[in-house]
Structures are given as C-alpha cells and as structure tokens.
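Step one of this worksheet: look at the structure below.
We're numbering straight along the sequence, starting at 1. These numbers come from the heavy atoms of this one structure, side chains and all, not from hydrogens, waters or symmetry mates.
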Amino acid sequence: MRVEIWSDIACPWCYIGKARFEKGLAAFAHREHVEVVHRSFELDPGRPRGEVAPVVDMLAKKYGRTREEALAMEEHVASNARAEGLGYRTEGRDHGNTFDIHRLLHLAKARGRQDALLDLAYRANFAEERSVFDAAVLARLGVEAGLDEAEVNAVLADPSAYADDVRADESEAAGLGATGVPFFVLDRRYGLSGGQPAEVFTQALEQAWKDRAPEPSAAADAGVCGPDGSCEIPA
C-alpha cells in the first residue's frame with residue numbers, strides 16, 4: 001500500500017503531521033507493507049528566491065497582528081509540536097522560498113535518502129538555529145542525509161535540476177483537490193488533510209487496507225497550511 005504525503009518544509013503542521021502519521025503507522029498491523037512517498041507543495045511559491053524574513057514578523061504582517069499576538073500564535077503551534085516530542089523555536093526562525101529544498105528532496109528521493117533529508121530539514125527549520133534558506137546550510141543537510149557532496153552542490157547550482165519533478169508534484173496535488181498541506185493520499189482511495197491525531201491515521205490505514213473508498217475528509221481540529229502561506233490554528 002502506498003501513502004503519498006504532500007508537504008512543505010515551511011509548514012509547521014507538516015512537521016507535526018509527519019510525527020503523528022509515523023505514530024499512527026507504527027500502530028498499524030501491516031506497516032511493513034506500506035510505502036511512504038513524500039511529494040512537493042510550496043506554501044509561498046511567489047516569494048523571490050533569497051528573500052528571507054523572520055517568521056514572527058511575517059505572521060504579524062500577514063494577519064495584521066501585533067508581534068506579541070504573532071508570538072502567541074507560534075506558542076500555540078509549539079505546544080502541539082512539543083506534545084509530539086518535537087523541538088520548536090518560536091523565535092529566530094526564517095521564512096522564505098522553499099523551491100530549492102524541494103529540488104534537493106527529489107535528489108534525495110532518487111538516492112533513497114528522502115526521509116532522512118526531510119527529517120533533518122524539519123529539525124533545522126523548526127528546532128535548531130540553522131536556516132534552511134541558506135544554500136550552504138542546505139548543502140550540509142544534504143551531506144548529513146547521506147548524499148554525495150558534489151552531487152548536492154551541482155543540484156543546488158542548477159535551478160533547472162529536478163524543477164520539473166517539483167512542479168509535477170504540485171500539479172498532481174491540484175488535480176487531487178489539495179488546497180493545503182499536509183495532505184495524505186492512501187492508495188489513491190483515501191484523502192486526509194491536516195495534522196490529524198495518530199489514531200486517525202491508524203484508522204485510515206486500516207480502512208485503506210480493507211479496500212474501502214472513503215470520502216476525503218479532515219477533522220475539524222486538524223492544523224493545516226494553505227497555499228497562501230497561512231497556517232490555520234485549531235481551536
């Protein structure tokens with residue numbers, strides 16, 4: 001059974017959702033028969049490459065909030081992350097264009113190191129003081145994930161490398177009706193959006209295994225990030 005996950009490194013609910021999905025998968029009796037494929041989705045594709053802004057300032061501007069209110073929004077997301085055992089810094093993080101990250105993730109996929117790079121990139125972006133929007137940092141993450149340094153640098157230096165793969169993923173997401181991330185598709189029969197609780201993922205896996213076709217759905221309290229870069233915070 002194949003599970004495809006559309007996500008973006010800039011999306012906190014994708015970070016949280018990945019951890020919850022993995023817990024749900026661990027509780028699934030047939031987990032050894034599940035193939036997980038990560039696919040690209042940009043939350044802010046219109047942001048110029050190299051244009052980086054502090055996350056808190058970006059949130060305050062986008063939502064018309066004070067800096068203190070934007071920090072409170074981040075603290076709410078952080079509490080969800082920490083409940084899953086994830087590190088999360090509410091200040092000192094950057095926001096920028098993620099296209100290069102997605103291109104490098106496609107190289108990692110081709111080399112069997114996609115999940116390793118994804119975990120490193122999430123941790124660097126949300127828990128560590130390393131900006132994934134810095135080409136040198138991104139290159140080091142690729143090497144840490146087990147990729148060849150020369151190949152990593154060659155991909156990052158060539159804007160066309162794996163660009164078509166990223167756009168193909170995004171086109172496919174649009175065709176499936178994905179309006180935000182994380183977006184999970186199980187055997188092209190089930191659709192789940194948002195950072196669902198682990199038990200919801202387990203139930204969906206069990207249903208997909210039984211070959212039942214459900215309606216695409218999302219729990220009301222599942223956090224999701226939209227294509228305009230906004231991230232809904234559950235009540």
Identify whether Y63 and V55 are in the same connected component of the hydrophobic contact network (ILVMFWY, side-chain heavy atoms under 4.5 Å).
yes
Sidechain-backbone polar pair: [X] side chain, [Y] backbone, donor-acceptor under 3.5 Å:
X    : Y    : result
R113 : L147 : no
T98  : I101 : no
D187 : M1   : no

Does a sphere of radius 6.0 Å around CD in E129 hold more than 12 heavy atoms from other residues, nucleotides or ligands, not counting ones at 6.0 Å or beyond?
no
More than 12 heavy atoms of other residues, nucleotides or ligands under 6.0 Å from CG of D57: is that the case?
yes
Would you mind listing the cluster partners of F99? Hydrophobic ones only (ILVMFWY), side-chain contacts under 4.5 Å, chaining allowed.
V166
Checking one residue: V56. Which other hydrophobic residues are in its cluster under the side-chain 4.5 Å linking rule?
L71
Side-chain donor-acceptor contact under 3.5 Å, H102 with D165
no
Modelled atom types, side-chain donor and acceptor of S40 and H106, under 3.5 Å
yes
Sequence neighbours excluded, which residues qualify as salt bridge (charged side-chain N to carboxylate O under 4.0 Å, His left out) partners of D134?
none
Would you please indicate yes or no on a ring centroid separation below 6.0 angstrom for F41 and F183?
no
Should the pair Y122 and F126 be assigned to parallel (<30°), tilted (30 to 60°) or perpendicular (>60°) ring geometry?
tilted
I'd like to check L104 versus L107 (side-chain heavy atoms, cut-off strictly below 4.5 Å). Are they in contact?
yes
